[in-house]
Amino acid sequence: MPSKRSLRWAALPVGVVAAVALAGCSPTELNGFLPGFVEGGPAATNQTERVSSLWVNSWIVLLAVGIITWGLMAWAAIAYRRRKGQTGLPVQMRYNMPIEIFYTIVPLILVLGMFFFTARDQTEIEAKWDEPDVEITAIAKQWAWDFQYDGEEEDNSDAVWTMGIQAQPDAEGNIDQSQLPTLVLPVDKKVTIDLQSRDVIHSFWIIDFLYKKDMFIGKDNSWSFIPTREGEYAGKCAELCGEYHSMMLFNVKVVSQDDYDAYLESLEEKGNTGDITDAYDRLSNFPGTTPKTDTEEGGE
């Protein structure tokens, strides 16, 4: 049997090779091949690395459990295989309390551990800013997006907005990116996006930000984060919402504060001011407010 010293010397080159291999990985590879990472730059938001860490560490634990399980299965298949000359059934074992306790407790610990870290990270991601630098209302509709940049007045009269149309593919199916609704965000600022729907359930997903939230009629959600890298990102609806769900796309531009202010001024110059209208909302029968029929009214 090899000594501890020889085992340590054997492990040394393995550790060196692993360190060199990891050092040569790109940020995308180190973060589980998820989007939102670039060489030599920050992650897309202040939350992106938290999400990727949960993803990568979960895979490490699951792969370790898988390797141990597959190894034990292979060992049992080889060690207890039928030998030449053997007949009949092998000895049947009814109970082994230590093993039964082991394979009950270990999965329970794994499930509780994954729940704990998921709940911890979700709580951090879902936390809202008390005083965001920027507050935006994103309104989903079949099959496009409206974006309102909320103002400081109580009636939101100083807000500005854009109303988008669904993606316009050409004869070959290529999307004209210039016609997609565009959400503009200032870099390194606390952003809160209030999420609303005009009709059915949609889901607001900025792919590189590694997070999405559903949008319901009659129940508003919100998402708070800090964009940390300037650039352009793709967004889409992640909830099957009808015939042209695949055309419900939008762009996101993270820009400097000066460019963001200039963009808002350009919307004001176009006359896109005031609180965006709810007149286009298709569903207004919220719970408890269904209009009465003539028969119901006559029976009172």
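A salt bridge links Glu126 to Lys213: at least one charged side-chain nitrogen sits closer than 4.0 Å to a carboxylate oxygen. A salt bridge does not link Lys253 to Asp259: none of the charged side-chain nitrogens sits closer than 4.0 Å to a carboxylate oxygen.
Residues Ile193 and Leu183 form a side-chain contact, since some pair of their non-hydrogen atoms from C-beta on lies under 4.5 Å apart. Taking the side chain as every heavy atom from C-beta outward, Leu185 and Ile136 approach each other to under 4.5 Å. Under the 4.5 Å side-chain criterion, counting only non-hydrogen atoms from C-beta, Ser53 is not in contact with Arg50. Within the 4.5 Å cutoff, side-chain heavy atoms of Val200 are placed close to those of Gln142.
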**Request:** Decide yes or no on side chain to side chain contact (heavy atoms under 4.5 Å, CB included) for Val51 and Ile125, but give the supporting numbers first.
**Result:** CA-CA 9 Å; Val51 177; Ile125 293 172; 3.7 Å; yes

**Request:** List the steps and the verdict of side-chain hydrogen bond (donor to acceptor under 3.5 Å, both in side chains) for Glu268 and Asn272.
**Result:** CA-CA 6 Å; Glu268 185 176 3; Asn272 297 356; over 6 Å; no

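Defined by atom type and a distance below 3.5 Å, a donor-acceptor pair is present between the side-chain atoms of Asp214 and Ser203. Between the side chains of Gln148 and Asp150, at least one donor N or O sits under 3.5 Å from an acceptor N or O. Checked by atom type, the side-chain pair Thr192/Ser224 shows a donor-acceptor distance below 3.5 Å.
The aromatic ring centroids of Tyr211 and Trp223 lie less than 6.0 Å from each other.
Using a distance-only test at 3.5 Å, with no hydrogens or angles considered, no donor-acceptor pair links the side chain of Asp194 to the main chain of Ser222.
Applying ring-ring contact (aromatic ring centres under 6.0 Å, His included) to Phe209 and the options Phe204, Phe225, Phe37 leaves one that passes, Phe225.
Other members of the cluster containing Trp205 are Ile207, with ILVMFWY side chains joined at under 4.5 Å, either directly or via other members.
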